[in-house]
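Here the structure comes first, spelled out in structure tokens, and everything after it is commentary.
As the structure is a computational prediction, the values presented were derived from the model and not from experiment. Proteins get letters first, then strands, A, B, ... in listed order; numbering begins at 1 in each.
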Amino acid sequence: MELLFFFLFATVAVLAAVMVVTVRNPVHSVLALILCFFQVACLFVLLRSPFLGIAQLFIYVGAIMIFFLFAVFLLDIKRTIHQERYSRWASFALPAGIIMLVEIVLLLGRGKFGAPVQEQEAVASLLNLGKSTEAIGAVLFTKYLYPFEIISVVLLVAFVGAVVLTVKSKQED
Amino acid sequence: MIKQFFKTVFLVDLLQGMALTFRYNWTKKIITLQYPDKEKWVPYERFRGLHYQAVDEEGELKCVACELCARICPAGVITIEGYEDEKGNRRPSVYTMDLHRCAYCGLCVEACPEDAINHGAGYEFAGFKREDAVMTLDKLLKNKANEKDPEKMGTVVSARFVRDKDGIKVIEDGKKRYRWW
Amino acid sequence: MIEFVLGNALIMILIKSFIAVGIVFSLPLPFTWIERKIAGHIQVRPGPMRVGFHGVLQPFADGLKLFLKEDIIPDGADKFLFRVAPYLTLIPYIAIFVAIPVAGNAYLSDMNVGVLYVLAIGGLSIYGIILGGWASNSKYALLGGLRAAAQMISYEVAMGFAVIGVIMMAQSLNMREIVEAQGGGILSWNIMPHKQLIGFYIFLVAGFAESNRIPFDIPEGEGELGGGFHTEYSGMRFSLFAMAEYAAMFSICAIGTVLYLGGWHAPHPALDVIPGFIWFIIKVVCFVYIFMWVRFSWPRYRYDQLMALGWKFLIPLGVANVLVTGLFIMLW
């Protein structure tokens, strides 16, 4: 049963990801990306971390992709569709992709995916589904407090940066 | 000043408006005209509704088929064929108005030397067939003239909605009559 | 047989989906009639009277009319997206109804992140609106879609802050546990001034905006945009958008009932003899009435006023609400 759903979500996610780079219309490609993110959220739920899945929905599908769509709407779609597909960056992107593929294969071969075993067990004990949010909260605000706070500061900087940029451009006008 | 501030903060104006609409919601009062089902409006004397053909005191058609109306009509609505009857008067044998093209400009009424063609009180133009909008002489004779009684014109009169094989009609019964405003 | 059905997860999923779909598709019928009647009476006229007794069959007549109308796809439209967009708007609301507990033991899914799920899924319906607006190949529709997206993002934040207060009071993200935390009479409901009244106010205003209803229906803006995102839609697809609007209103009302009005709890423990789901329905209907009442009483906000209200008033108020709630929880 679960396996069935796993394969469903995984196949759709991969197909959508392929569509993101093959579809000509940028709006369609953004949509495919949304679908891909959505399927990944479903996979998180299957992995017993509903909170992560919902967060994925909230942040990626619900907010970031809407801004993506905004940006894409402002493109000249008809021109973009007929553009040359392989830009000069392809020669950089291709080796990078190959390196990443090799890394993935190596990691898979060594079985190094996932956290160390004892930590996995500690998390698993917290993770009887009903308590997964508490578990995340507890870990986030004790063990990973400093990374969490640093990320918050980074976000705040981005906030302030956005405000500063808009104020400056207004003064120049 | 302080009063104004509290009015803004607690949305007093909006809530007052909502209280008013709430009151209306639970009263049974209705100010609109219940047109097809219960009531009907009687137009004023100079209303330019569906045309009718006037008749004189003896019930004879006033029209002499002079075709002035057909000439002046900017849309070519009117078709007339005349003939001479037993008394030697010229009368129309065919008088057809295709109201699809009519703009109710009233030029035909102005032009008529005999006051035969007139605007009437009818305002129910809708029909199920194209022929419903083509007024033959019979139909023009049946159409209603405008109300001349100052007590009655511009009033709302009780009526009932009838649906039979001839189509749908709203028939005045005159039981109740009131001014709308 | 029953054991087989209950035991088989796939069949249960199908049954639950059918229930959720059934709710969403059957709700607009009574509610369009009620809304038009309320509109009529507020404006001192009788509303629909001609089809059936006092017009009760009017929604069926309207539905039939929309069903039989020609489905026009504008020239130059993105045909695939144009076809898909109405469904994208409607489906999230169907998904929301899965998570709403109607009574203590009547829910389709008891998620431990229920509140977040509801908010996240509710936000997804915006894709249908924004894509429908874009795919129509029309200026007005695109403007409507962009407005809808901007409005949704702004008010989602405010609504999130309002809901955080409730989550803090209940110490849980589970919708069922949030309702249980409000048990024991009207005084322990979250709408009470000593609980989350400000949160409720923010939730209500954000809810109006999320469901694109007056006073925040600028994505439609029939005065300036001629219908907004659904300008180019006709027939069945248009009715799907209308249905989505009702589903949005209804889901906001149901969520609000769960979060603030004590869900299935009676106003006084003595009234618990009446089953919980009846209380739930009564509360939701009252909530919906407020939505309709406001719709026919107030004018529409201007676009910049709407944005200012969201970002400069509701979000700071929401943050303050979270801080004060936290302080009170700490002190008690």
**Request:** Give the ring-plane orientation class for C:Y289 versus B:F22, where under 30° counts as parallel, over 60° as perpendicular and anything between as tilted.
**Result:**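 Perpendicular.
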
**Request:** Identify the two heavy atoms, one from C:I38 and one from B:N25, that lie closest to each other, and give their separation to 0.1 Å.
**Result:**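 Closest heavy-atom pair between C:I38 and B:N25: CG2-ND2, 3.8 Å.
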
**Prompt:** C:V44 and B:K29: which non-hydrogen atoms are nearest, and at how many Å?
**Reply:**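 Scanning both residues, the minimum pair turns out to be CG1-O, 3.2 Å.
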
Do other residues, nucleotides or ligands put more than 12 heavy atoms under 6.0 Å from the [atom1] atom of [X]?
| X | atom1 | result |
| --- | --- | --- |
| C:Y301 | OH | no |
| B:Q16 | CD | yes |
| B:Y123 | OH | yes |
| C:F53 | CZ | no |
| C:F60 | CZ | no |

**Prompt:** Out of curiosity, B:W26 CH2 to C:H41 NE2, how far, rounded to the nearest 0.5 Å?
**Reply:**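 The distance works out to 8.5 Å.
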
**Message:** For the CG atom of B:L14 and the CH2 atom of C:W298, what is their distance to the nearest 0.5 Å?
**Reply:**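 Between B:L14 CG and C:W298 CH2, I get 4.5 Å after rounding to 0.5 Å.
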
